[in-house]
Trainee: 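Once you've had a glance at the structure underneath, I'll fire off some questions.
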Amino acid sequence: MSLVTVENLSVEYGKAHPTRAVRNVSLQIEENEFVGLVGESGCGKSTLGFAIARLERPPARIVEGRVIINDLVWTDMHTEDLLPHRWQDVAIVLQSGMNALNPVMSIEFQFRDVMIQHTRMSSKEILARSYEVLDMVGVPRDALRRYPHELSGGMKQRVAIAMAMLLKPQLIIMDEPTTALDMVVQRQILENLKLLRQQQAFSVLFISHDLGVVLELADRVIVMYAGQIVESQESMNLLHQPMHPYTRALLRSLPDAGATAKTFSGIPGTPPDLGKPVIGCAFAPRCDLAQSACTSSEPELLKIGTSQVRCIMTGQEVDRDRINLAGNGANQSV
Ligand SMILES: Nc1ncnc2c1ncn2[C@@H]1O[C@H](COP(=O)(O)OP(=O)(O)OP(=O)(O)O)[C@@H](O)[C@H]1O
Ligand SMILES: [Mg+2]
């Protein structure tokens with residue numbers, strides 16, 4: 001059983017004329033897996049991340065599907081029943097500036113509050129764990145006595161990551177955790193994140209519009225377009241053998257393969273309006289491979305080995321390769 005299983009999840013904003021921001025998403029996150037979630041602005045990354053953590057707020061609502069974490073069906077649970085699992089099983093780190101830190105309380109108070117609510121740790125143990133997580137993210141211990149406004153943006157974000165790690169959750173959802181920071185600080189935090197994973201086992205859903213950063217950090221990358229998953233592959237495979245035309249376009253828009261910090265640019269056209277039904281492949285109007293079949297029916301998410309792709313053209317290519325491989329007597333499990 002995977003740590004996280006999302007089945008056919010759809011999330012809408014509003015009721016009268018709803019925007020379907022997440023459309024029938026299914027995914028899994030394994031224990032100790034670092035999954036990157038990428039896609040252009042407005043494609044539904046944050047909506048999906050919040051819905052997985054059951055932190056969706058009106059007008060957002062889950063209209064279909066299930067989220068299962070640690071064998072518990074989070075989508076069937078009441079808010080109060082989820083409380084013991086927050087921080088403990090799943091923690092979330094938001095973009096700096098909108099992070100979870102309370103501006104009027106010291107860092108020490110906020111750390112203590114999380115641990116008191118969820119554990120029976122003594123004051124001594126609480127202090128020791130507070131120091132431990134600050135050490136892990138490279139923040140001086142005296143930061144405990146400070147208030148968020150006394151810390152720089154980079155320090156605040158490290159503290160937010162430290163706070164997320166306090167109770168050793170199995171999953172940390174990070175939504176653009178470094179986007180608002182300057183390049184140097186962003187790099188320091190990303191390097192630190194790599195080190196953290198060597199010290200403590202946890203899974204990450206790392207949401208970013210920056211495919212370069214995601215490729216560098218993630219074991220696997222999920223690409224979203226217009227509320228749907230269009231591709232999922234291990235990072236190295238995605239980099240070298242992208243399957244979906246949208247993924248290929250994203251890779252072409254990077255300065256060079258594997259490089260960091262470049263927003264997606266240079267894909268002509270705009271994503272569809274999710275307030276209206278999407279007919280056929282959502283990417284077809286921007287796709288240079290599109291055929292008439294692409295605009296008539298919606299492509300399914302094809303499973304190819306451990307990868308997934310939602311494109312009939314790629315499906316045909318893969319089928320051709322399979323036939324060729326089979327003809328050559330090679331391994332058929334592409
Ligand atoms: N509070 C809201 N009310 C109505 N629609 C919303 C709301 N928040 C988001 N949306 C819509 O849902 C869609 C997905 O938004 P979301 O914020 O999840 O995208 P995103 O991929 O996280 O974008 P970004 O990269 O800019 O953070 C967008 O079309 C957006 O307009
Ligand atoms: Mg977002």
Side-chain angles (χ1 to χ4, degrees), residues 6 8-27 29 35-65 67 75 90-100 157 160-161 164 172-181 186 190 204-215 217-218 221-232 244 246-247 249-251 253-254 260-267 269-279 282-283 285-286 310:
V6 175
N8 203 32
L9 193 73
S10 294
V11 184
E12 288 184 355
Y13 288 97
K15 273 190 177 161
H17 302 285
T19 297
R20 188 165 269 227
V22 172
R23 302 191 293 141
N24 307 99
V25 164
S26 297
L27 61 84
I29 302 172
V35 177
L37 179 63
V38 294
E40 277 164 309
S41 183
C43 73
K45 304 181 296 296
S46 298
T47 307
L48 176 59
F50 275 79
I52 291 175
R54 293 302 323 279
L55 289 169
E56 77 282 358
R57 292 286 168 266
R61 62 198 177 96
I62 294 176
V63 290
E64 207 181 347
V67 174
T75 35
V90 179
I92 188 158
V93 177
L94 304 176
Q95 192 172 322
S96 68
M98 24 185 250
N99 64 38
Q157 202 59 351
I161 295 171
I172 303 185
I173 297 176
M174 300 191 174
D175 189 1
E176 309 270 5
T178 60
T179 305
L181 304 171
Q186 172 169 353
L190 295 175
V204 180
L205 179 64
F206 187 92
I207 298 172
S208 174
H209 60 274
D210 192 334
L211 180 54
V213 163
V214 165
L215 280 170
L217 291 170
V221 180
I222 295 176
V223 182
M224 266 185 101
Y225 186 78
Q228 285 183 322
I229 292 178
V230 295
E231 178 159 358
S232 163
H244 198 284
Y246 178 60
T247 313
L250 291 181
L251 283 166
S253 73
L254 290 175
T260 57
K262 175 91 176 174
T263 50
F264 299 149
S265 60
I267 305 176
T270 47
D273 176 0
L274 295 175
K276 299 188 180 126
V278 181
I279 297 159
F283 188 60
R286 301 169 78 186
R310 189 187 291 279

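Every number for a ligand or one of its atoms is a count from 1 in the order of the listing.
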Trainee: Out of curiosity, Lys45 NZ to Ile207 CD1, how far, rounded to the nearest 0.5 Å?
Mentor: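 Those atoms lie 8.0 Å apart.
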Trainee: Rounded to the nearest 0.5 Å, how far apart are OG1 of Thr178 and CZ of Phe206?
Mentor: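 Answer rounded to 0.5 Å: 5.0 Å.
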Trainee: Got a second to check how far His209's NE2 is from Thr179's OG1, nearest 0.5 Å?
Mentor: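 Rounded to the nearest 0.5 Å, the NE2-OG1 separation comes to 5.0 Å.
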Trainee: Could you identify the single nearest non-hydrogen protein atom to atom 14 (C) of ligand 1 and state the distance to 0.1 Å?
Mentor: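 Protein heavy atom with the smallest distance to atom 14 (C) of ligand 1: Gly42 O, 3.4 Å.
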Trainee: I need the atoms of ligand 1 closer than 4.0 Å to a non-hydrogen atom of Ala21, numbered in the order shown.
Mentor: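 Near Ala21, the atoms of ligand 1 are 12 (O), 13 (C), 14 (C).
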Trainee: Within the 4.0 Å heavy-atom shell around Pro59, which atoms of ligand 1 are there?
Mentor: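 Near Pro59, meaning under 4.0 Å from one of its heavy atoms, ligand 1 has 3 (N).
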Trainee: Can you list the protein N, O or S atoms less than 2.8 Å from the Mg ion (ligand 2)?
Mentor: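 Hits for the Mg ion (ligand 2) below 2.8 Å: Ser46 OG.
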Trainee: State which residue, out of Arg310, Arg286, Glu40, His244, fulfils the side-chain hydrogen bond (donor to acceptor under 3.5 Å, both in side chains) condition with Tyr225.
Mentor: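 Single side-chain hydrogen bond (donor to acceptor under 3.5 Å, both in side chains) partner of Tyr225 among Arg310, Arg286, Glu40, His244: Arg286.
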Trainee: Note the single closest protein heavy atom to atom 24 (P) of ligand 1, along with its residue, its atom name and the distance in Å.
Mentor: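 Nearest protein contact, heavy atoms only, for atom 24 (P) of ligand 1 is Ser41 OG, 3.6 Å.
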Trainee: Among all protein heavy atoms, pick the one closest to atom 17 (O) of ligand 1 and tell me residue, atom and distance.
Mentor: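 Minimum-distance protein heavy atom for atom 17 (O) of ligand 1 reads Ser46 CB, 4.0 Å.
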Trainee: For ligand 1, find out whether one of its N or O atoms is nearer than 3.5 Å to an N or O atom of Cys43.
Mentor: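 Looking only at distances, the answer is yes, because the N/O contact criterion of under 3.5 Å is met.
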Trainee: Which residue holds the protein heavy atom closest to atom 16 (P) of ligand 1, what is that atom called, and what is the gap in Å?
Mentor: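 I find the closest protein heavy atom is Thr47 OG1, 3.5 Å.
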Trainee: Among all protein heavy atoms, pick the one closest to atom 25 (O) of ligand 1 and tell me residue, atom and distance.
Mentor: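 It is Lys45 NZ, 2.8 Å.
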Trainee: If only atom types and distance count, is the side chain of Gln157 paired as donor or acceptor with the main-chain N or O of Pro177 below 3.5 Å?
Mentor: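 Yes.
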Trainee: Look at atom 5 (N) of ligand 1 and say which protein heavy atom is nearest, naming residue and atom and giving the distance to 0.1 Å.
Mentor: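 The closest one turns out to be Tyr13 CG, 3.4 Å.
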Trainee: For Ser208 and Asp210, indicate whether the former's side chain and the latter's backbone hold a donor-acceptor pair under 3.5 Å.
Mentor: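 A pair under 3.5 Å: yes.
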Trainee: With no hydrogens and no angle check, is any side-chain donor or acceptor of Gln228 less than 3.5 Å from a backbone partner on Asn24?
Mentor: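 Answer holds: no.
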Trainee: Could any protein non-hydrogen atom be found less than 4.0 Å from atom 31 (O) of ligand 1?
Mentor: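 Answer no: nothing from the protein, no heavy atom, is under 4.0 Å.
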Trainee: Could you give me the CA-CA distance, side-chain angles and deciding distance for Phe50 and Asp175, then say whether side chain to side chain contact (heavy atoms under 4.5 Å, CB included) is met?
Mentor: CA-CA 9 Å; Phe50 275 79; Asp175 189 1; 3.9 Å; yes
Trainee: Does Gly44 come within less than 4.0 Å of ligand 1, judged by its heavy atoms?
Mentor: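 Yes, Gly44 has a heavy atom closer than 4.0 Å to ligand 1.
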Trainee: Going by an N to O cut-off under 4.0 Å, is there a salt bridge joining Arg61 and Glu56?
Mentor: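 Answer for the salt bridge query: no.
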Trainee: Under the 3.5 angstrom rule, does the side chain of Arg23 hit a backbone N or O of Ala226 as a donor-acceptor pair?
Mentor: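 Pair found, side chain donor or acceptor close to backbone of Ala226.
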Trainee: For Lys15, check salt bridge (charged side-chain N to carboxylate O under 4.0 Å, His left out) against everything at least two apart and list the hits.
Mentor: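 Partners of Lys15 under the salt bridge (charged side-chain N to carboxylate O under 4.0 Å, His left out) test: none.
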